[in-house]
Colleague: 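Pasting in a structure now, in structure tokens, and then I'll have a few things to ask.
Every value quoted in this text rests on a predicted model; they were computed, and no experiment measured them. Values reported hereafter were calculated over all heavy atoms of this structure, with side chains retained and with hydrogens, waters and symmetry mates removed. Residue numbers begin at 1 in each chain, while the letters A, B, ... track the order of the sequences.
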Amino acid sequence: MEYQYKELFRQNLVEWFNKEKRDLPWRRTSDPYKIWVSEVMLQQTRVDTVIPYYNRFLKKYPTLQSLAYAPQEELLKMWEGLGYYSRARNLQAGVKEVVEKYDAKVPDNRHDISKLKGVGPYTAGAVLSIAYNKAEHAVDGNVMRVLSRALHIKEDIALPKTRKIFEQAVDMLIDPQRPGDFNQGLMDLGAMICTPTSPKCLLCPVRDYCIAFQEGDADQLPIKTKKIKNKKIKYDVYVGYDENGRYLLEKRPDEGLLANMWQFPMIEISKESVLKSSDEFQLNYNVDIMDFVNDNLLTFKHVFSHLTWEMNCNLVKIVKATDLPENVCFYSKEQINQLPMPVPMLKILNVLN
DNA sequence: TAGCCGTGGAT
DNA sequence: TATCCAAGGCT
């Protein structure tokens, strides 16, 4: 790869970073564990969203050991609202492996750290460069956007194989003396200056070394093709309570969407549905509805990354059954507040107050 | 490989 | 309102 501004790009980026970098909680520590936690939380998640979660999480789990053996329900509750809940499970599994296999020392080399659950090529490079000052690439969306412009790389960043090109570019450019500052500089530049739309090129510390700025096509890069199809699913939700005012809740399976999170029972409405959803509810959950208190408690859509739930919620009074299915139980409101629930269920919970 | 896996903010 | 997307990883 030919690029005549390598030294100038590197030097100006690191100088800019040291002057303009944001004051973030995970930049006030050199603890590899805490930096690891921040990197996992930051996956596909905005800085402003992460900050309060990060602070709360590390107050609860200040050490590897404190997280390694925490109850999963408590862990998920700490993660509630952050999304991508498998990150929490994988982080705990990885932390547990570090405690048991690496004597509670986060590995300082790519080979070992990459084997940890939830640690991919980006997170490995981020922890190694920031916490251990290793000259390792950490290619995320910011880095691909910045370097696609600076180096005029027109490969489709939606394709997984394209990441290798940017890893090679970082390997060429990275400051061997200050790799952590270099990598974070690329990310801050991408977040603050070299933004997806309307990049602030006039404020950019490396615009003189940016080919896209010279060509005037920075706003055309990066090239990204993939688009997502969003499937819609309709549900009737049954918010059922017994004579003691306790609500019927169900724990989701331990794999897939919202794994191990709690929800009000939901019946999918499809073209193949034969029974009325209320009959299906009573059959599946082995309960009897005494009363339809409100068949239009709340109607709303909840959009996930790849699908949409269209929810119609019914408030029903039900007769307590003698043998509920496994993972289904009545809970008081106080107990419900201790259970990890996804945002659409929190929306429903809100209207009950 | 491409689809799965959350959420809330920006445009 | 619709679309895109933000410090990705797993299968």
Side-chain angles (χ1 to χ4, degrees), chain A residues 17 21-22 24-27 35-54 76 79-91 93-94 113-131 137-146 156-163 166-167 170 180 182-192 194-198 219 222 224-233 252-261 263 301-309 340-347:
Chain A
F17 175 72
K21 64 183 172 188
R22 291 170 288 179
L24 302 171
W26 44 90
R27 289 182 175 166
I35 291 168
W36 180 10
V37 169
S38 77
E39 291 300 339
V40 172
M41 286 188 170
L42 285 162
Q43 290 167 9
Q44 299 291 287
T45 310
R46 286 180 158 73
V47 165
D48 290 344
T49 302
V50 166
I51 289 173
Y53 281 90
Y54 173 86
L76 284 174
W79 209 270
E80 182 185 84
L82 247 193
Y84 287 141
Y85 298 97
S86 65
R87 291 183 296 175
R89 225 183 327 143
N90 290 336
L91 174 62
I113 200 173
S114 296
K115 288 182 181 171
L116 301 173
K117 283 211 172 51
V119 178
Y122 165 75
T123 303
V127 173
L128 292 174
S129 63
I130 297 170
H137 55 72
V139 174
D140 68 343
N142 283 313
V143 172
M144 289 197 283
R145 183 173 59 257
V146 170
D156 181 1
I157 67 166
L159 301 177
K161 63 177 181 180
T162 302
R163 204 193 63 247
F166 289 94
E167 289 175 348
V170 173
F182 180 88
N183 282 339
Q184 292 181 89
L186 282 179
M187 289 186 265
D188 267 23
L189 191 68
M192 299 160 70
C194 196
T195 45
T197 58
S198 19
D219 58 344
K224 187 174 186 179
T225 60
K226 197 186 295 177
K227 53 179 171 184
I228 329 101
K229 50 176 180 180
N230 197 303
K231 182 179 159 192
K232 290 176 181 163
I233 311 178
R252 293 179 63 87
D254 62 4
E255 287 181 333
L257 182 67
L258 304 171
N260 288 331
M261 305 285 280
Q263 65 184 16
K301 292 182 182 178
H302 186 79
V303 180
F304 296 93
S305 50
H306 60 296
L307 57 90
T308 298
W309 284 357
M341 300 181 78
V343 166
M345 294 300 145
L346 296 174
K347 289 179 187 170

Colleague: Any side-chain heavy atom of A/Pro342 sitting closer than 4.5 Å to one from A/Met261?
Modeller: yes
Colleague: Please compare A/Leu42 and A/Lys117 by the position of their nearest nucleotide in DNA chain C and report the one closer to 5'.
Modeller: A/Leu42
Colleague: Would you say A/Arg252's side chain and A/Gln263's backbone share a donor-acceptor pair under 3.5 angstrom?
Modeller: no
Colleague: Taking the P atom of each, how far is C/dT11 from B/dG6, in whole Å?
Modeller: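 After rounding to an integer number of Å, I get 13 Å for this pair.
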Colleague: Strictly by modelled atom types, are A/Tyr122 and A/Gln43 linked by a side-chain donor-acceptor pair under 3.5 Å?
Modeller: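 No - no donor-acceptor pair under 3.5 Å links their side chains.
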Colleague: Without swapping roles, check the side chain of A/Glu80 against the backbone of A/Pro340 for a donor-acceptor pair under 3.5 Å.
Modeller: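 Here the side-chain-to-backbone pair does not exist.
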Colleague: Output yes when a side-chain donor or acceptor of A/Arg87 lies under 3.5 Å from a complementary backbone atom of A/Met41, and no otherwise.
Modeller: yes
Colleague: Starting from C1' on C/dA6, measure out to CZ on A/Arg87 and report it in whole angstrom.
Modeller: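 Between C1' of C/dA6 and CZ of A/Arg87: 10 Å.
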Colleague: For A/Pro344 and A/Leu159, take the nucleotide of DNA chain B holding the closest heavy atom to each; which residue's nucleotide lies nearer the 5' end?
Modeller: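 With A/Pro344 and A/Leu159 compared, the 5'-side residue is A/Leu159.
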Colleague: Over all strands shown, is A/Arg27 touching base, sugar-phosphate only, or nothing at heavy-atom distances under 4.0 angstrom?
Modeller: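 Base contact - A/Arg27 has a heavy atom under 4.0 Å of at least one base atom.
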Colleague: Whole angstrom is fine here: how far is it from CG in A/Asn90 over to P in C/dC10?
Modeller: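 After rounding, the gap between these two atoms is 6 Å.
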Colleague: Which part of the nucleic acid, if any, lies within reach of A/Gly190 when heavy atoms closer than 4.0 Å are counted: base, sugar-phosphate only, or nothing?
Modeller: nothing
Colleague: As a test of reading the structure: which of B/dT11, C/dC5, B/dT7 is closest to the side chain of A/Phe304, going by heavy atoms?
Modeller: B/dT7
Colleague: What's the OH-C1' distance between A/Tyr85 and B/dG6, to the nearest Å?
Modeller: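 Checked: the OH to C1' distance equals 6 Å.
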Colleague: Hey, does the side chain of A/Tyr84 come within less than 4.0 Å of C/dC10's phosphate (OP1/OP2), counting only N and O?
Modeller: no
Colleague: Measure CZ/A/Arg46 against P/B/dG6 and give the value in whole Å, please.
Modeller: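 These atoms are roughly 18 Å apart.
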Colleague: When you check the phosphate oxygens OP1 and OP2 of B/dC5, does a side-chain N or O of A/His306 lie under 4.0 Å from one of them?
Modeller: yes
Colleague: Taking NZ in A/Lys117 as the centre, count heavy atoms belonging to other residues, nucleotides or ligands within less than 6.0 Å. Is the count above 12?
Modeller: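 No.
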Colleague: For A/Leu258 and B/dC5, give me the distance from atom CG to atom P, rounded to whole Å.
Modeller: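 Atom CG in A/Leu258 sits about 9 Å away from atom P in B/dC5.
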Colleague: Pick base, sugar-phosphate or nothing for A/Arg145, based on heavy-atom distances below 4.0 Å to the nucleic acid.
Modeller: sugar-phosphate
Colleague: Of A/Lys347 and A/Ser198, whose closest DNA chain B nucleotide lies nearer the 5' terminus?
Modeller: A/Lys347
Colleague: Distance criterion of 3.5 Å, no angle test: do you see the side chain of A/Thr123 paired donor-to-acceptor with the base of C/dG9?
Modeller: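 Side chain to base: no pair below 3.5 Å.
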Colleague: Output yes when a side-chain donor or acceptor of A/Arg27 lies under 3.5 Å from a complementary backbone atom of A/Arg22, and no otherwise.
Modeller: yes
Colleague: Quickly work out the A/Tyr122 OH to C/dA6 P distance and round it to whole Å.
Modeller: 14 Å
Colleague: Which part of the nucleic acid, if any, lies within contact of A/Val40, taking any heavy atom under 4.0 Å across all strands shown: a base, the sugar-phosphate backbone alone, or nothing?
Modeller: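 Answer is nothing: A/Val40 stays at 4.0 Å or more from every strand.
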Colleague: For a quick check of understanding: with a heavy-atom distance under 4.0 Å over all strands, which category does A/Trp26 fall into, base, sugar-phosphate or nothing?
Modeller: base
Colleague: Which of these nucleotides, B/dC5, C/dG9, B/dA2, is closest to any side-chain atom of A/Pro121?
Modeller: C/dG9
Colleague: Look at the side chain of A/Ser305 and decide which nucleotide, out of B/dA2, B/dC5, C/dG8, has an atom nearest to it.
Modeller: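 Nucleotide nearest to A/Ser305's side chain: B/dC5.
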Colleague: Classify A/Val50 by what it touches in the nucleic acid, base, sugar-phosphate, or nothing, heavy-atom distance under 4.0 Å.
Modeller: nothing
Colleague: For A/Asp48 and B/dT7, give me the distance from atom CG to atom P, rounded to whole Å.
Modeller: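 To the nearest whole Å, that distance equals 18 Å.
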Colleague: Which comes earlier along DNA chain C counting from the 5' end, the contact point of A/Leu116 or that of A/Leu24, where each point is its nearest nucleotide?
Modeller: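 Residue closer to the 5' terminus by nearest nucleotide: A/Leu24.
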Colleague: Rounded to whole angstrom units, what separation is found between the CG atom of A/Asn260 and the P atom of B/dC5?
Modeller: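 One finds 14 Å between P of B/dC5 and CG of A/Asn260, rounded.
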Colleague: If you measure from the P atom in B/dC5 to the same atom in C/dA6, how many Å do you get, rounded?
Modeller: 22 Å
Colleague: The side chain of A/Pro196 is closest to which nucleotide in this list: B/dA2, C/dA6, B/dG6?
Modeller: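 Minimum distance to the A/Pro196 side chain belongs to C/dA6.
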